[in-house]
Amino acid sequence: MVVGKGTASFGKRHNKTHTICRRCGKRSFHIQKSKCASCAYPSAHMRSYNWGTKAQRRRTTGTGRCRYLKTLPRKFKNGFREGQSAVSQKKRAA
């Protein structure tokens with residue numbers, strides 16, 4: 001009996017080709033190639049293609065915590081001032 005690439009062959013597959021990527025956290029890091037199939041780590045640039053619109057949407061700005069960006073509107077409103085003490089609200093009202 002000739003063994004093809006169907007059910008009988010799937011039982012023999014027990015080696016991992018991909019493991020967890022340090023940058024994107026997906027199970028896409030190819031062990032032998034040492035390259036992530038999802039984010040292209042260790043390349044400096046993130047992997048993204050215009051034909052993968054939904055993939056871009058999943059990892060674009062706003063999908064994370066935005067620790068720096070979420071304070072920007074307030075800082076912009078105040079003219080990016082630094083190192084000053086706040087004006088008293090009592091003085092401002094009078």
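In this structure, the side chain of Arg23 engages the main chain of Cys39 through a donor-acceptor pair within 3.5 Å. A distance-only check finds no donor-acceptor pair linking the side chain of Thr19 to the backbone of Phe29 [under 3.5 Å].
Environment of CZ in Arg22: sparse, with no more than 12 heavy atoms of neighbouring residues, nucleotides or ligands closer than 6.0 Å. Annotation for Glu82: atom CD does not count as buried by contact number, only 12 or fewer foreign heavy atoms lying within 6.0 Å. Heavy-atom neighbours of Lys16 NZ from other residues, nucleotides or ligands within 6.0 Å: at or below the threshold of 12.
Thr63 places none of its side-chain heavy atoms less than 4.5 Å from the side chain of Arg57. Taking 4.5 Å as the limit, every side-chain heavy atom of Cys24 sits out of range of all side-chain heavy atoms of Arg47. Counting heavy atoms from C-beta on, the side chains of His18 and Lys26 never come closer than 4.5 Å.
The minimum heavy-atom distance linking Ser9 with Val3 is given by the pair OG-CG1, 3.7 Å. Contact record, Pro42 with Ser34: CD-O, 3.3 Å, taken as the closest heavy-atom pair.
The CZ atom of Arg81 lies 12.5 Å from the NZ atom of Lys75; values are rounded to the nearest 0.5 Å. Distance check, rounded to the nearest 0.5 Å: OG of Ser38 to CZ of Arg58 gives 9.0 Å.
Hydrophobic side-chain contacts under 4.5 Å tie Phe80 into a cluster, directly or through other members, with Tyr68, Leu69, Leu72, Phe76.
Residues meeting the ring pair (Phe, Tyr, Trp, His ring centres under 6.0 Å) test with Tyr49, sequence neighbours left out: Trp51.
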